[in-house]
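One structure is given here, and the rest of the page talks about it.
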Protein chains: 2
Amino acid sequence: MSLAPDHPIASPPPDGVEAPTVIDNTFLEGLVGYNARRAAIAVIGVFLERMAPYGFRVVDFSVLTLIAHNPGITSRQLSSTLSILPPNLVGMVRQMQSRGLIEKRPHPSDRRAQGLYVTPAGQRLQAETQAVVAALESDATDRLTEVERATLIQLLRKVYERDEPA
Amino acid sequence: MSLAPDHPIASPPPDGVEAPTVIDNTFLEGLVGYNARRAAIAVIGVFLERMAPYGFRVVDFSVLTLIAHNPGITSRQLSSTLSILPPNLVGMVRQMQSRGLIEKRPHPSDRRAQGLYVTPAGQRLQAETQAVVAALESDATDRLTEVERATLIQLLRKVYERDEPA
DNA sequence: TATTGTTATACTCTATAACTATA
DNA sequence: TATAGTTATAGAGTATAACAATA
């Protein structure tokens, strides 16, 4: 997951004006968005490695976890919470259904909608993968103290929680 | 850029067991990766809005900025620094060339490579867009103090700088 | 008239294979 | 034999339009 330049130029040019050997990236490195994106990419890279045995991407784990923690959640609610467009959820839900992890039941008060529920197998897999994610979170932030980790999350929330002061 | 659920269910179900109205997302919200990704998406959203007049995406600004700050940088160095695969850089470089923002010159010591340089027009546009980005960075983090902003960047770097302790 | 879930489709982003010219 | 730059292309991710059933 290293993003460092791994092929520096061997022979520097004679005068030192052309062809830089070490790249000045200070401006981008001073931006919150740049650093947040790189941190997210780094953590997600580890996530994908450890989740490969379960056939889960980040979004799959997120969907299964939200269904497990919110029995009866609708597709529209998943869509809003995870910022996934409804058409792009259809395939994921169908795949989890065919894997026997979740099931649909009629919504009690809205016949257009359907409640989503984990099956016992889905419940087990969710608990297992949640433990994996908790462990990887711990590993990914092992250079941070518990206080620093809490501070980091709090500061990140301050950045993206602008209109929704909940 | 709000990611909050904007269509809560109107009538709660009779027994309160089915069809949750408020979604429990506490597990995902406790993960650094989740929060870093949302912060990055929020900042990038504002970035795209303000850069639209210039026809720049994040990657276009990054490329032009690195060339301006590192005259003679090669395509391969851009590729490594920004984690963009070489084939995906070709079109961007060509487009900036046809916009008259950058130019290629022979590399002084390696005839396979080409040094990239900003033109005067490219230099002007880089300075202008860099000022826009600096302003948006300030706006995006206006809920943070200067100390908090520096702390945030430092903590993010601790997360993604694992092997490259530069 | 608006919303849920869905199909079909387009667009963007990212990744892989293979080629040339040079090292 | 390896690297810089390039072409062509494949795949994943994300977005829009439109529809039937229901509110």
Side-chain angles (χ1 to χ4, degrees), chain A residues 1 3 5-13 19-21 37 40-41 44-45 48 52 55-60 62-63 67 72-97 102-116, chain B residues 1 3 5-13 19 37 40-41 44-45 48 52 55-60 62-63 67 72-97 102-116:
Chain A
M1 289 302 300
L3 300 178
D6 41 2
H7 293 289
I9 289 184
S11 329
T21 52
R37 181 161 184 275
I41 288 174
I44 288 170
L48 293 180
F56 274 4
R57 299 162 303 165
V58 173
V59 66
D60 301 310
S62 301
V63 164
I67 296 172
I73 192 173
T74 68
S75 179
R76 187 65 182 80
Q77 290 175 310
L78 277 178
S79 171
S80 294
T81 305
L82 295 175
S83 297
I84 301 168
L85 292 171
N88 300 330
L89 254 175
V90 176
M92 300 181 214
V93 168
R94 182 154 34 204
Q95 194 178 2
M96 289 202 181
Q97 225 178 346
I102 64 172
E103 62 182 20
K104 293 178 178 176
R105 297 185 209 157
H107 190 281
S109 63
D110 186 339
R111 278 186 301 165
R112 293 172 306 182
Q114 301 165 87
L116 300 173
Chain B
M1 290 305 298
L3 300 178
D6 43 0
H7 293 288
I9 289 185
S11 329
R37 181 161 183 273
I41 288 173
I44 288 169
L48 293 180
F56 274 5
R57 300 161 302 165
V58 172
V59 67
D60 301 309
S62 302
V63 165
I67 296 172
I73 190 173
T74 67
S75 179
R76 186 63 184 78
Q77 289 175 311
L78 277 178
S79 171
S80 294
T81 306
L82 295 175
S83 296
I84 301 169
L85 292 171
N88 299 329
L89 255 176
V90 176
M92 299 180 214
V93 168
R94 180 152 37 204
Q95 194 178 2
M96 289 201 182
Q97 226 178 345
I102 65 173
E103 62 181 21
K104 293 178 178 175
R105 296 187 210 156
H107 191 281
S109 63
D110 187 338
R111 279 187 300 166
R112 292 172 304 181
Q114 301 165 88
L116 300 173

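Chain A is the first sequence line, chain B the second, and so forth, proteins listed ahead of strands; every chain is numbered from 1.
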Atom pair distance, as rounded to whole Å: [atom1] in [X] and [atom2] in [N]:
X        : N      : atom1 : atom2 : value
A/Arg37  : C/dC13 : CZ    : P     : 11 Å
A/Asn88  : C/dA8  : CG    : C1'   : 12 Å
A/Gln77  : C/dT3  : CD    : P     : 15 Å
A/Gln97  : C/dG5  : CD    : P     : 13 Å
A/Leu89  : D/dG13 : CG    : P     : 13 Å
B/Arg105 : D/dG5  : CZ    : P     : 16 Å
B/Ile84  : C/dT16 : CD1   : P     : 16 Å
B/Gln95  : C/dT12 : CD    : P     : 11 Å

task = Kindly say whether B/Arg57 contributes a backbone atom to a donor-acceptor pair with the side chain of B/Asp60 at under 3.5 angstrom?
result =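 Yes; judged by distance alone, with no hydrogens or angles, the pair exists.
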Under 3.5 Å: donor-acceptor pair, side chain of A/Ser83, backbone of A/Ser79 =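 Checked: no pair found.
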Just the atom pairs and distances: protein N or O near nucleotides 20-23 of chain D's N or O, under 3.5 Å.
{"from": "D/dA23", "atom 1": "OP1", "to": "A/Arg111", "atom 2": "N", "distance (Å)": "2.9"}
{"from": "D/dA23", "atom 1": "OP2", "to": "A/Arg111", "atom 2": "NH2", "distance (Å)": "3.2"}

task = Identify, between A/Ala113 and A/Val90, the residue whose nearest nucleotide on DNA chain C lies closer to the 5' end.
result =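 Nearer the 5' end of the strand: A/Ala113.
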Does [N] have its OP1 or OP2 closer than 4.0 Å to a side-chain nitrogen or oxygen of [X]?
X        : N      : result
A/Lys104 : C/dT4  : no
B/Arg57  : C/dC13 : yes
B/Arg94  : D/dT7  : yes

Find out whether [X] and [Y] are in side-chain contact, i.e. whether some heavy atom of one side chain is under 4.5 Å from a heavy atom of the other.
X        : Y        : result
B/Val93  : B/Lys104 : yes
A/Ile84  : A/Met92  : yes
B/Gln114 : B/Thr74  : no
B/Leu116 : B/Gln77  : no

inquiry  = Distance check, rounded to the nearest 0.5 Å: A/Ile67 atom CD1 versus A/Met96 atom CE?
reply    =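 One finds 6.5 Å between CD1 of A/Ile67 and CE of A/Met96.
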ask   = What nucleotide, of D/dG5, C/dG5, D/dA8, holds the atom closest to the side chain of B/Pro87?
value =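 Nucleotide nearest to B/Pro87's side chain: D/dA8.
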